[in-house]
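One structure is given below, encoded as structure tokens.
Scope of the values below: all heavy atoms of this structure, side chains included, with no hydrogens, waters or symmetry mates. Per chain, numbering begins at 1; letters A, B, ... match sequence-line order.
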2 protein chains.
Amino acid sequence: MLDFAILGLLMERPRHGYELRRALAELGFWKVSFGSLYPAIRRLEKREAIEATKMSGRRKAYQVTEGGQEVFDLLLQSDPDANETDRAFQVRLAFLRHLPPDRRIQVMDRRRRGLSTQLKTAREILVAARSATKNKDRYRIALMEHAMHSTEADIAWLDGLVAAERGVASTV
Amino acid sequence: MLDFAILGLLMERPRHGYELRRALAELGFWKVSFGSLYPAIRRLEKREAIEATKMSGRRKAYQVTEGGQEVFDLLLQSDPDANETDRAFQVRLAFLRHLPPDRRIQVMDRRRRGLSTQLKTAREILVAARSATKNKDRYRIALMEHAMHSTEADIAWLDGLVAAERGVASTV
DNA sequence: GACTGCTATATCGATTCGATATAGTTGGAA
DNA sequence: TTCCAACTATATCGAATCGATATAGCAGTC
């Protein structure tokens, strides 16, 4: 997924490593460590998906090669697996516009199903925790409840996104 | 943090590895992989913080030693660093009851400050993204907005927890 | 008694993290 | 002008973590 994110960002325009890190963080992904970033860049270079151009000083700007375009498409088209990470879904969403509308809805729908399952499990656990142990820790209950509410909010948000996508599709 | 979580769970009662994994997931933490769990158990055994007792079959129940209690206290008392992970904070919260009330509020307050900073940054980036590039991708904007709202919800939730803690403190 | 599925422990290679090393660049005070 | 402090940027290291897989015991069932 890191490789996918890097490729996607470089497809917009060439960037150097440090800038990639900032861009990843600004998309709300996560502050990837340099110990992940540079090995990922090396991987992509080795696959000849990206190539470096020297800039002033030590800087190197990386850009996507023709082969890299194909690698990106491959990753983009790949089926999201049922229980993929929050992070993986975020990255997928950031480049979702590259997919046709019907595929977009498919991706969001699969995510929705995953979240629903999670929610159901969480609810069962919470009920069990509340009843079984009469005096289960207040902070833990709060933790579980908050996790549940967050998941509910995520689902509602997804529904909004899907509705918007359908709305655009029907008017076009 | 994994070591801390394991110790905390084992302090309640002895469990075997598989059960630890389930317990971690049920607290809403995360489904730790066995490739993390068993090395963590080995680490704790080597530090003589926990010890194994054989059960039926291959099962081994782990329990906290006297030294382990001290290790747990040490981790519990350790200052949360400014930008600790969501996960790290969750674990901390799950065992927050072991701290005196004033320390609890301190921990939550630090977390709140961290989230506020995050929120401020996120807001600036969002404003920049909205104005600068007139037609920035819809999904990315949605992604950023949702991240912002989630953080806001987290802060509100934290405030509630702190208020509850103060409420209890004042009535006692 | 063989088979299927579940529980449980364990390990492997690849990836990621957090910390740190190193070097270029900028700006400001002495 | 020179020095130094702060920031940008690339890179690497060891430890922790992940995801996948191997293995084995145990329960039910046909």
Original post:
Among C/dT11, D/dA11, D/dT10, which is the nearest nucleotide to the side chain of A/K60?
Top reply: D/dA11

Separation of atom [atom1] in [X] from atom [atom2] in [N], rounded to whole Å:
X     : N      : atom1 : atom2 : answer
A/K46 : C/dA14 : NZ    : C1'   : 12 Å
A/H16 : C/dT25 : NE2   : P     : 13 Å
B/Y18 : D/dC26 : OH    : P     : 16 Å
B/Y62 : C/dA8  : OH    : P     : 13 Å

Subject >> Backbone N/O of B/V107 and side chain of B/R92: donor-acceptor pair under 3.5 Å >> reply: no

Original post:
Would B/D73 and B/H98 count as having a side-chain donor-acceptor pair, cut-off 3.5 Å?
Top reply: no

Original post:
What string of B, S and - do you get for nucleotides 15-25 of chain D 5' to 3' if you count protein non-hydrogen atoms under 4.0 Å?
Top reply: -SBBB---BB-

Under 4.0 Å from OP1 or OP2 of [N]: is there any side-chain N or O of [X] that close?
X     : N      : result
A/Y38 : D/dT10 : yes
A/R59 : C/dT25 : no
A/R42 : D/dA11 : yes

**OP:** Identify whether NZ of Lys or CZ of Arg in B/R97 sits under 6.0 Å from the centre of the six-membered ring of A/Y139 and within 45° of that ring's axis.
**Re:** no

Subject >> Lys/Arg-Asp/Glu bridge criterion (N-O < 4.0 Å) met for A/R140, B/E12 >> reply: yes

Original post:
Are A/E19 and A/R13 within salt-bridge range, i.e. N to O under 4.0 Å?
Top reply: yes

Subject >> Test ring pair (Phe, Tyr, Trp, His ring centres under 6.0 Å) applied to B/W30 - qualifying residues, sequence neighbours left out >> reply: none

